[in-house]
2 protein chains.
Amino acid sequence: MCLISQYNQIANTLKERIKNGDYVAGQHLPSQKELADEFHTSRVTIQKALDELSNANLILRRQGSGTTVAPNSRSTLDILSSQYEGTTKLFEGRGKVTTKVLKFEIRLPSVHEQKRLSISDSTPVYDILRLRNIDNEPYELDHSIMPLSVIQNLTEKIASGSIYTFIESTLGLKIGSSIRKITADVPRKNDQDYLKCTHNEPILQVSQTVHLSDGRPFEYSQTRHRYDKGGVIVVNNTLSSNGLQI
Amino acid sequence: MCLISQYNQIANTLKERIKNGDYVAGQHLPSQKELADEFHTSRVTIQKALDELSNANLILRRQGSGTTVAPNSRSTLDILSSQYEGTTKLFEGRGKVTTKVLKFEIRLPSVHEQKRLSISDSTPVYDILRLRNIDNEPYELDHSIMPLSVIQNLTEKIASGSIYTFIESTLGLKIGSSIRKITADVPRKNDQDYLKCTHNEPILQVSQTVHLSDGRPFEYSQTRHRYDKGGVIVVNNTLSSNGLQI
DNA sequence: GAGTGGTCTAGACCACGCG
DNA sequence: GCGTGGTCTAGACCACTCG
């Protein structure tokens with residue numbers, strides 16, 4: 001969240017106004033011309049700011065009739081504020097999150113992992129299996145593969161906290177896009193052992209590849225959730241495309 | 001997909017070039033100045049075109065060093081081409097899609113439905129239950145609620161085909177954003193009956209509210225998939241946020 | 001220092017919705 | 001017809017990367 005650019009600051013100001021109820025759902029925003037005057041800037045800059053709100057589904061812009069606040073703007077803001085930053089941060093405040101590291105190894109990657117992470121067969125990877133608990137109740141089983149060519153100096157101690165915080169704060173890397181596949185599955189032995197689920201309690205699996213902002217893939221992971229303690233919320237607009245596939 | 005604007009056309013041309021391999025993964029694109037010269041336009045217009053490709057995770061732009069084709073651009077293009085357009089269109093080519101309408105009613109909405117669809121208790125809704133098959137194998141069970149105040153003249157015959165095509169082509173409405181929650185669940189009686197799954201075969205459920213481009217919600221639906229025949233792929237960039245929640 | 005992308009301006013014309 | 005948002009221009013300055 002850089003606050004450097006003018007349009008970014010304006011966008012944040014406008015988001016604040018929606019959050020505070022200065023602009024309520026259905027209400028017309030001031031016209032682009034009026035906003036340009038208010039912020040002492042040009043219309044193009046206002047438009048870039050409105051692009052941000054529009055991409056977040058916070059406003060509706062209609063040629064001829066103007067810009068209004070989206071009907072579901074408040075709930076969208078709630079979802080926005082819980083933006084994905086790794087599991088640890090996400091669940092702060094919902095209970096005490098603890099992580100048990102079940103495996104922490106360095107090895108060479110399989111062919112499948114090489115493909116997913118765009119690495120050669122001689123690039124070692126971390127192989128980390130972790131169990132996350134909320135208030136001492138098992139919640140998800142996470143299996144992550146990360147190449148040492150991108151992520152370095154990872155330790156078991158760090159893995160027992162937030163790897164994402166380590167990557168962003170300590171390594172100073174920026175996290176970019178991800179591709180996820182979400183499926184349901186029958187529980188395996190590991191699930192039954194660690195997530196304490198019975199043989200007919202389903203698992204929600206999220207399999208993902210995550211990239212840095214420079215495009216390098218840095219994590220390929222499979223996270224398995226208890227069906228009664230997990231769900232994924234997806235906001236879809238004309239920019240991001242989500243496909244159902246067999 | 002309007003092709004009216006110049007930057008849109010340029011974006012499509014550039015996408016074609018990536019698709020055709022004229023620009024390959026990792027390769028530098030011509031600079032913004034060069035592209036502006038080639039397309040006889042200004043740099044700002046090129047930038048708007050690049051915004052589109054950037055949002056789709058097809059390119060990486062770095063200040064100082066230039067714009068390159070994303071490493072996974074080809075697979076991203078595959079996902080893009082299967083952009084969500086309702087189930088019927090999505091599965092064309094993967095087998096013969098047939099739809100059996102199990103229920104087609106008009107009734108008043110429940111309190112929960114009123115909230116989800118932003119309608120009053122006196123606005124009637126369609127209540128439609130459908131079973132989709134691919135090559136005569138049951139695939140998903142779809143329960144849709146749509147307000148008559150938005151969608152009109154829907155018939156059982158239309159419901160046995162593609163409701164989305166009807167909305168866009170016949171009614172001339174434009175589909176906008178959606179919010180989905182994806183969970184795993186144990187099979188209920190309906191699932192066992194229609195999807196032919198046993199009592200310990202999990203269900204993947206997608207619960208969603210879909211809006212028109214003017215912001216009006218027009219569909220609240222719950223779709224239940226056989227776990228071995230369904231999955232949701234989500235592309236996530238800095239614009240769209242997806243949160244995991246209990 | 002040269003070249004790249006990021007931001008910003010002031011002004012123009014167009015497409016659309018509404019009274 | 002008027003006001004709205006959408007597109008586009010020509011040019012400017014800045015921030016960044018790299019040789």
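Heavy-atom basis, side chains included; hydrogens, waters and symmetry copies ignored.
- OP1 or OP2 of D:dG5 lies within a sub-4.0 Å distance of a side-chain N or O belonging to A:Thr67.
- A search for ring-ring contact (aromatic ring centres under 6.0 Å, His included) contacts involving B:His40 returns nothing, not counting sequence neighbours.
- Atom C1' of nucleotide C:dG5 and atom CG of A:Asp214 are separated by 16 Å, given to the nearest angstrom.
- Looking only at side-chain heavy atoms (C-beta outward), A:Tyr7 and A:Thr41 stay at 4.5 Å or farther from each other.
- Counted by atom type alone, B:Thr67 and B:Arg61 present zero donor-acceptor pairs between their side chains at under 3.5 Å.
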Scan nucleotides 8-14 of chain D against the protein and return all N/O pairs shorter than 3.5 Å with their distances rounded to 0.1 Å.
unit_1 : atom_1 : unit_2  : atom_2 : d
D:dC8  : OP1    : B:Gln6  : N      : 2.5
D:dC8  : OP1    : B:Gln6  : OE1    : 3.4
D:dC8  : OP2    : B:Tyr7  : N      : 3.3
D:dT9  : OP1    : B:Thr41 : OG1    : 2.9
D:dT9  : OP2    : B:Thr41 : OG1    : 2.4
D:dT9  : OP2    : B:Ser42 : N      : 3.0
D:dT9  : OP2    : B:Ser42 : OG     : 2.8
D:dT9  : OP2    : B:Thr45 : OG1    : 2.5

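- Mapping A:Gly64 and A:Arg61 onto DNA chain D by nearest heavy atom places A:Gly64 at the nucleotide closer to the 5' end.
- Between B:Leu60 atom CG and D:dC16 atom P the separation is 19 Å, expressed in whole Å.
- Between B:Ser31 and the phosphate of C:dG3, there is no side-chain N or O to OP1/OP2 separation shorter than 4.0 Å.
- Legend: residues meeting side-chain hydrogen bond (donor to acceptor under 3.5 Å, both in side chains) with A:Asp22, ordered by chain and number and at least two apart, are absent.
- Every side chain to side chain contact (heavy atoms under 4.5 Å, CB included) that A:Thr68 has, sequence neighbours left out, goes to A:His28, A:Leu60.
- Between A:Phe104 and A:Tyr126, the ring planes lie tilted relative to each other; the angle falls in the 30° to 60° range.
- As a whole-Å value, the separation of A:Leu50 CG from D:dT4 P is 13 Å.
- The interatomic distance linking A:Ile59 (CD1) with D:dG5 (C1') rounds to 11 Å, in whole Å.
- B:Glu219 and B:Ser144 share a donor-acceptor pair across their side chains, judged by distance under 3.5 Å alone.
- By the side-chain hydrogen bond (donor to acceptor under 3.5 Å, both in side chains) test, B:Ser213 is found to be paired with no residue, residues two or more places apart in sequence or in another chain being considered.
- Distance CG (A:Asp51) to P (D:dG6): 8 Å, rounded to an integer number of Å.
- The nearest whole Å value for the distance from the NE2 atom in A:His28 to the P atom in C:dG17 is 13 Å.
- Note: CZ (B:Phe39) to P (D:dT7) measures 18 Å, nearest angstrom.
- Rounded to 10°, the angle separating the first-five-pair axis and the last-five-pair axis of the helix from C:dG1-D:dC18 to C:dC18-D:dG1 equals 10°.
- B:Glu34 has its CD atom 13 Å from the C1' atom of C:dG5, to the nearest Å.
- Side-chain N or O atoms of A:Arg130 include one that pairs as donor or acceptor with a backbone N or O of A:Ala159 at under 3.5 Å.
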